[in-house]
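Report on the structure given below.
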Amino acid sequence: MIIFGVAFLALCTLTGIFVGELLGKAIGVPANVGGVGIAMVLLILIGSYLKKRGLFNPESEQGIKFWSAVYIPIVVAMAAQQNVYGALSGGPMAILAGVAAVALAFMLVPVLDRIGRKKLEADPTLPADPAKPLTSSARG
Amino acid sequence: MYESLMKVISGYGLISGFAIIGATMWLSYWLSDKLTKGRLHGSAVAILIGLLLSYIGGVVTGGQKGLVDIALFSGIGLLGGAMLRDFAIVATGFGVSVDELKRAGMVGVLALFIGVLASFVAGVAVAFAFGYTDAVSLTTIGTGAVTYIVGPVTGAAIGASSEVMALSIAAGLVKAIVVMVATPFVAPYIGLNNPRSAVIFGGLIGTSSGVAGGLAATDPKLVPYGCLTAAFYTALGCLLGPSLLFFVMRGLLG
């Protein structure tokens with residue numbers, strides 16, 4: 001039944017976010033520590049275990065796939081309620097600070113990608129990726 | 001008749017949200033096809049339209065929630081709120097390959113630390129250039145560039161002025177919005193086309209709404225990988241902001 005998939009997704013989400021809240025309390029951070037990430041890991045691990053044992057039929061999967069498919073419309077709805085006006089009325093310093101942070105992070109993506117990749121290629125137990133050429137423009 | 005229509009639209013808010021967003025998606029895919037021959041992905045167009053509408057909503061109402069502040073569109077707030085957003089993000093995890101995750105695991109953690117630090121440094125540098133010289137203001141604005149949650153959390157902890165807090169939130173909002181808009185354009189140049197780089201991207205950028213939107217507009221298959229690392233970013237920022245980063249700034253400025 002489709003509801004089994006939805007319920008399974010709901011349980012994983014609630015558990016993950018609950019654990020995230022507890023972790024936040026434990027280390028004294030007023031934020032959820034990785035709740036969504038933990039929920040995803042639960043979904044991936046328990047989901048693949050159930051699938052292997054044949055306890056997860058394609059119909060139940062539909063319950064998860066539906067929510068995964070409405071993800072983009074939900075993100076569009078999320079975009080429509082960002083405080084764009086507030087962000088831009090923060091003035092040039094706020095805009096520049098935000099843009100600078102993003103630009104720096106974008107530039108670091110290929111740098112970090114390379115750091116890990118060398119180790120991967122040196123590790124014979126892992127299949128080497130068909131090395132994807134790094135674009136030089138990314139450095140500038 | 002008008003009153004009855006309004007009653008239905010606002011009374012059935014979530015359903016109206018589905019209808020309005022569905023229509024926006026259709027229009028966006030049509031525009032993407034006709035105007036850009038599909039080069040700019042339909043979902044990227046939809047996100048751009050969403051941001052534009054939220055700007056208009058902000059100008060019209062002066063509120064903080066963009067389009068949602070207009071009563072007619074309040075249902076979009078339900079659809080795009082934290083609850084359904086997180087539910088759908090977790091659902092995208094169903095397509096994740098465990099092997100890909102394992103291979104990106106360590107560098108993903110590294111990306112988190114470097115990401116928080118890099119955004120902080122960028123924010124501090126800009127604030128410094130604009131004439132701020134005290135450790136409290138610089139730290140608050142710098143952590144705002146981490147995310148718009150970390151900024152006010154840090155600012156409140158170290159006693160920043162409300163003007164500086166507002167700037168810090170604005171910097172974080174700009175970051176989230178820029179990520180949503182720019183990611184699909186920048187992706188080809190930074191090699192953002194595989195799960196590994198998506199994990200790194202999520203860790204470096206962090207802001208959950210930015211990563212969720214930016215990756216959705218680039219390639220929906222990459223969403224779960226990026227969101228997995230991004231989920232830890234704000235917490236790491238809240239942990240480091242009022243402690244290590246503030247102490248370092250205070251040490252540097254005497």
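Order of the sequence lines sets the chain letters (A, B, ...), proteins ahead of strands, with each chain counted from 1.
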Task: Residue B:Ala166 versus chain A: region with a heavy atom under 4.5 Å - done: neither
Open item on the list: Looking only at heavy atoms and a cut-off of under 4.5 Å, which of B:Leu67, B:Val90, B:Leu228 has the most pairs with chain A?
Closed with: B:Val90
Task: B:Leu112 side, atom CG; A:Leu112 side, atom CG - distance, nearest 0.5 Å - done: 10.5 Å
- [ ] Can you see which heavy atom on A:Ala105 is nearest to which on B:Leu204, and at what distance?
- [x] O-CD1, 3.6 Å
TODO: Considering only heavy atoms and a distance below 4.5 Å, find which of B:Val59, B:Asp99, B:Val179, B:Val121 pairs most often with chain A.
DONE: B:Val59
For residues 83-104 of chain A, please give each side-chain donor-acceptor pair under 3.5 Å, one per line with the distance, not counting sequence neighbours.
unit_1	atom_1	unit_2	atom_2	d
A:Asn83	OD1	A:Gly86	N	2.9
A:Ser89	OG	A:Tyr85	O	2.8
A:Ser89	OG	A:Gly86	O	3.2

Task: Any side-chain heavy-atom pair of A:Val36 and B:Ser208 under 4.5 Å - done: no
Task: Separation between CD of A:Glu61 and CZ of B:Phe94, rounded to the nearest 0.5 Å - done: 4.0 Å
TODO: Considering non-hydrogen atoms only, spot the tightest contact between A:Trp67 and B:Ala91 and give its length.
DONE: CB-CB, 3.7 Å
Task: Exercise: identify the closest heavy-atom pair between B:Pro220 and A:Ile72 - done: CG-CD1, 3.5 Å
TODO: Heavy-atom distances under 4.5 Å only: say whether A:Ala69 touches chain B with side chain, backbone, both or neither.
DONE: neither
TODO: Mind listing the closest non-hydrogen atom pair of A:Asp113 and B:Ile200 along with its distance?
DONE: CA-CD1, 3.5 Å
Task: Structural part of B:Tyr148 lying under 4.5 Å from a heavy atom of chain A - done: side chain
Open item on the list: Need one label for B:Val223: side chain, backbone, both or neither, based on atoms under 4.5 Å from any heavy atom in chain A.
Closed with: side chain
Task: chain A interface, residue from B:Ala231, B:Ala122, B:Gly66, B:Ser28 that has the most non-hydrogen pairs under 4.5 Å - done: B:Ala231
Task: Side chains of B:Tyr225 and A:Met40 in contact at under 4.5 Å (non-hydrogen atoms) - done: no
- [ ] Check whether any side-chain heavy atom of B:Ser209 sits under 4.5 Å from a side-chain heavy atom of A:Gln82, and report yes or no.
- [x] yes
Open item on the list: Counting only non-hydrogen atoms closer than 4.5 Å, does B:Ile89 touch chain A with its backbone (N, CA, C, O), its side chain (CB onward), both, or neither?
Closed with: both
Task: Side chain, backbone, both or neither of B:Tyr55 within contact of chain A (heavy atoms, under 4.5 Å) - done: both
Open item on the list: At a 4.5 Å cut-off on heavy atoms, which part of B:Val68 comes close to chain A: side chain, backbone, both, or neither?
Closed with: both
Task: Per-residue contact mode, B:Phe128 against chain A (heavy atom under 4.5 angstrom) - done: neither
Open item on the list: For chain B, which candidate among A:Val70, A:Val41, A:Leu108 shows the most heavy-atom pairs at distances under 4.5 Å?
Closed with: A:Leu108
Open item on the list: Counting only non-hydrogen atoms closer than 4.5 Å, does A:Phe56 touch chain B with its backbone (N, CA, C, O), its side chain (CB onward), both, or neither?
Closed with: side chain
Open item on the list: Checking an interface table here. Which of residues 75-84 of chain B come within a heavy-atom distance under 4.5 Å of chain A?
Closed with: B:Ile76, B:Gly77, B:Leu79, B:Gly80, B:Gly81, B:Leu84
For residues 11-27 of chain A, please give each side-chain donor-acceptor pair under 3.5 Å, one per line with the distance, not counting sequence neighbours.
unit_1	atom_1	unit_2	atom_2	d
A:Thr13	OG1	A:Leu9	O	2.7
A:Thr15	OG1	A:Leu11	O	2.6
A:Glu21	OE2	A:Asn32	ND2	3.2

Task: B:Ile177 versus chain A, the contacting section by heavy-atom distance below 4.5 Å - done: side chain
Open item on the list: With chain B as the partner, which of A:Pro73, A:Ala80, A:Gly63, A:Gly37 has the greatest number of non-hydrogen pairs under 4.5 Å?
Closed with: A:Ala80
Open item on the list: Closer than 3.5 angstrom, by distance alone: can the side chain of B:Arg85 be matched with the main-chain N or O of A:Val75 as a donor-acceptor pair?
Closed with: no
- [ ] Measure from NZ or CZ of B:Lys221 to the centre of the six-membered ring of A:Tyr71 and say whether it is under 6.0 Å with the direction within 45° of the ring axis.
- [x] no
- [ ] Please report the closest heavy-atom contact between B:Leu51 and A:Ala79, naming both atoms and the distance.
- [x] CD2-O, 3.6 Å
Task: Toward chain A, the part of B:Thr183 with a non-hydrogen atom under 4.5 Å - done: both
Task: Distance in Å, B:Thr92 OG1 paired with A:Ile64 CD1, rounded so as to fall on 0.5 Å steps - done: 11.0 Å
- [ ] Identify the two heavy atoms, one from A:Ile44 and one from B:Gly93, that lie closest to each other, and give their separation to 0.1 Å.
- [x] CG1-O, 3.4 Å
- [ ] Would you mind reporting whether A:Met78 and B:Met180 have side-chain heavy atoms less than 4.5 Å apart?
- [x] yes
TODO: Could you tell me which of B:Phe232, B:Tyr233, B:Phe120, B:Phe18 has the largest number of non-hydrogen atom pairs under 4.5 Å with chain A?
DONE: B:Phe232
Open item on the list: Quick check on the interface: out of B:Ala104, B:Ala118, B:Gly123, B:Ala230, who has the most heavy-atom pairs with chain A under 4.5 Å?
Closed with: B:Ala118
Task: Side chain, backbone, both or neither of B:Ile141 within contact of chain A (heavy atoms, under 4.5 Å) - done: side chain
Task: Set of side-chain contact (heavy atoms from CB on, under 4.5 Å) partners for B:Ala182, sequence neighbours left out - done: A:Phe106, B:Val178, B:Val186
- [ ] Using modelled atom types only, decide if a donor and an acceptor are shared between the side chain of B:Tyr189 and the backbone of A:Met107 within a distance under 3.5 Å.
- [x] no
Open item on the list: If we define contacts as heavy-atom pairs under 4.5 Å, which of B:Leu173, B:Ile49, B:Ile56, B:Ile169 has the most with chain A?
Closed with: B:Leu173
